[in-house]
Amino acid sequence: MIELLSLPATEVAPRLLGATITVGAVTVRLTEVEAYLGEDDPGSHAFRGPTPRTMVMFGPPGHLYTYFTYGMHVCANVVCSPDGVASAVLLRAGEVVEGVELARSRRTTSRSDRDLARGPGRLCVALGITLTDGGADLAVSRIRLELAEEPQAFEQGPRTGVSGDGGRASFPWRFWMPGEPSVLPYKAHVPRHR
DNA sequence: GTCGAGATTATCT
DNA sequence: GATAATCTCGACC
């Protein structure tokens, strides 16, 4: 698995579809991901070089990169590419296949089970991933990643939610499994301002 | 179902 | 002080 994760995020992302990620009693099957590169990718946090936060992205593959966004939400990434090269795959959405009760108790706002892990922030809440899980090694931590046995059929398109110049639609690096109800329909994101 | 607006805080300049 | 890889809610179709 570490061989696969040493590839660039754009290669790893489609292979993560159908994979399961387990944190404690909750297991999620991934249905939607997004690839981020490093210094060549204006949409990436690593675009302007390493900072204390993005350091994990430049480290060895197979680690977890977490960050806060809009002050309220946590997003989780799997670090790719060899040590020294920044690259990561954002876990955007999935389907809870185990521990539904627990996930539901953490997500008081969603009514249907389909929405439990629909979206990056929700996915982290459902799994119980927080900022303190950042930098964890997936091989030894309480977070475990298990790849699908066979590559899954997928579609790809522009990334969502990325603000800034080339970040938005310049790179078609969002990957999802067609026909999955837990995948959000694509909508161009308009950056908000106060 | 879609659309628009506001919430809230770690991180960087 | 500005910014942000989002979510929820309320209004409308």
Side-chain angles (χ1 to χ4, degrees), chain A residues 8-10 12-14 16-17 21 28 30-59 63-81 86-94 96 103-136 156-176 179-194:
Chain A
T10 45
V12 178
L16 287 183
L17 293 172
I21 181 161
V28 163
L30 298 175
T31 57
E32 186 185 354
V33 296
E34 227 167 68
Y36 285 89
L37 264 45
E39 285 138 305
D40 296 327
D41 178 4
S44 172
H45 287 163
F47 180 53
R48 292 179 233 263
T51 66
R53 180 181 57 159
T54 59
M55 202 87 90
V56 197
M57 274 224 249
F58 289 83
H63 287 234
L64 196 70
Y65 167 55
T66 57
Y67 62 91
F68 244 83
T69 185
Y70 289 95
M72 324 164 138
H73 304 288
V74 179
C75 295
N77 303 244
V78 176
V79 175
C80 307
S81 293
S87 172
V89 177
L90 168 67
L91 311 179
R92 289 197 58 86
V96 178
R104 194 161 22 204
S105 73
R106 291 202 269 237
R107 300 230 49 244
T108 54
T109 49
S110 75
R111 281 324 260 116
S112 72
D113 288 356
R114 187 193 64 174
D115 287 348
L116 285 177
R118 200 190 198 205
R122 296 161 170 177
L123 182 81
C124 288
V125 174
L127 284 172
I129 293 176
T130 67
L131 269 193
T132 59
D133 292 304
Q156 64 177 281
R159 296 185 295 193
T160 62
V162 183
S163 62
D165 296 333
R168 197 143 355 168
S170 306
F171 307 97
W173 289 342
R174 175 173 175 256
F175 302 84
W176 69 92
E180 282 289 334
S182 55
V183 176
L184 295 147
Y186 172 71
K187 181 174 93 171
H189 184 258
V190 182
R192 121 194 115 74
H193 58 286
R194 270 196 260 244

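First the proteins, then the strands, lettered A, B, ... as listed; each starts at 1.
In this entry the distance linking CG of A:Leu131 with P of B:dT11 reads 6 Å, nearest Å. A straight line from CG of A:Leu184 to P of C:dA5 spans 17 Å, rounded to a whole angstrom. Across the protein-nucleic acid pair, A:Phe175 atom CZ and C:dA5 atom P stand 19 Å apart, rounded to whole Å. When the C1' atom of C:dT6 is taken as reference, atom CZ of A:Arg174 falls 14 Å away, rounded to whole Å. Between the CE atom of A:Met72 and the C1' atom of B:dA7 there is a distance of 4 Å, rounded to whole Å. Atom NE2 of A:His45 and atom C1' of B:dT11 are 10 Å apart (whole Å). Atom-to-atom, CZ of A:Arg106 to P of C:dC7 comes out at 16 Å; the value is rounded to the nearest Å. Atom-to-atom, CG of A:Leu123 to C1' of C:dC7 comes out at 14 Å; the value is rounded to the nearest Å.
Note that A:Arg159 lies in the cation-pi zone of A:Tyr36, set by a 6.0 Å cut-off to the ring centre and a 45° limit from the axis.
At C:dT8, one or more side-chain N or O atoms of A:Arg122 fall inside 4.0 Å of OP1 or OP2 (strictly under the cut-off). Contact annotation: A:His73 does not reach the phosphate of C:dC7 (side-chain N/O to OP1 or OP2, under 4.0 Å). Remark: A:Arg53 is not in phosphate contact with B:dT9, judged by side-chain N or O atoms under 4.0 Å from OP1 or OP2.
Taking only distance into account, the side chain of A:Tyr70 never meets the base of B:dA7 through a donor-acceptor pair shorter than 3.5 Å.
The side chain of A:Phe68 has B:dA10 as its nearest neighbour among C:dT8, C:dA5, B:dA10. You'll find that the side chain of A:Arg114 is closest to B:dG1, out of C:dA5, B:dG1, C:dT8. Closest to the side chain of A:Arg92, from the set C:dT6, B:dT8, C:dT8, is C:dT6.
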Checklist line | Which nucleotides of DNA chain C pair, in dot-bracket form (Watson-Crick or G-U under 3.5 Å, | meaning another strand) | finding: ||||.|||||||.
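Note on A:Met55: nothing from the nucleic acid sits closer than 4.0 angstrom, heavy atoms only.
If you check the side chains of A:Thr160 and A:Arg92, you find a donor sitting under 3.5 Å from an acceptor.
Judged by centroid separation below 5.5 Å and plane tilt below 30°, A:Tyr36 stacks onto the base of C:dA5.
Residues A:Val33 and A:Leu17 are in side-chain contact: their nearest non-hydrogen atoms beyond the backbone lie under 4.5 Å apart. For the pair A:Leu30/A:Leu91, a side-chain contact is recorded, criterion being any heavy-atom separation below 4.5 Å from C-beta on.
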Next item on the list: Please assess A:Phe171 against A:Thr10 for the test side-chain contact (heavy atoms from CB on, under 4.5 Å), listing each intermediate value before the final yes or no.
Entry: CA-CA 10 Å; A:Phe171 307 97; A:Thr10 45; over 6 Å; no
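For A:Arg114 (side chain) and A:Ser182 (main-chain N/O), no donor-acceptor pair under 3.5 Å exists by modelled atom type.
Nearer the 5' end of DNA chain B, as judged by each residue's closest nucleotide, is the contact made by A:Gly71, out of A:Gly71 and A:Thr51.
Here A:Thr31 contributes atom OG1 and A:Trp176 contributes atom CH2; the two are 12.0 Å apart, rounded to the nearest 0.5 Å.
Checking each of A:Val56, A:Val12, A:Val89, A:Leu64 against A:Val79 for a side chain to side chain contact (heavy atoms under 4.5 Å, CB included) leaves exactly one that passes, namely A:Val56.
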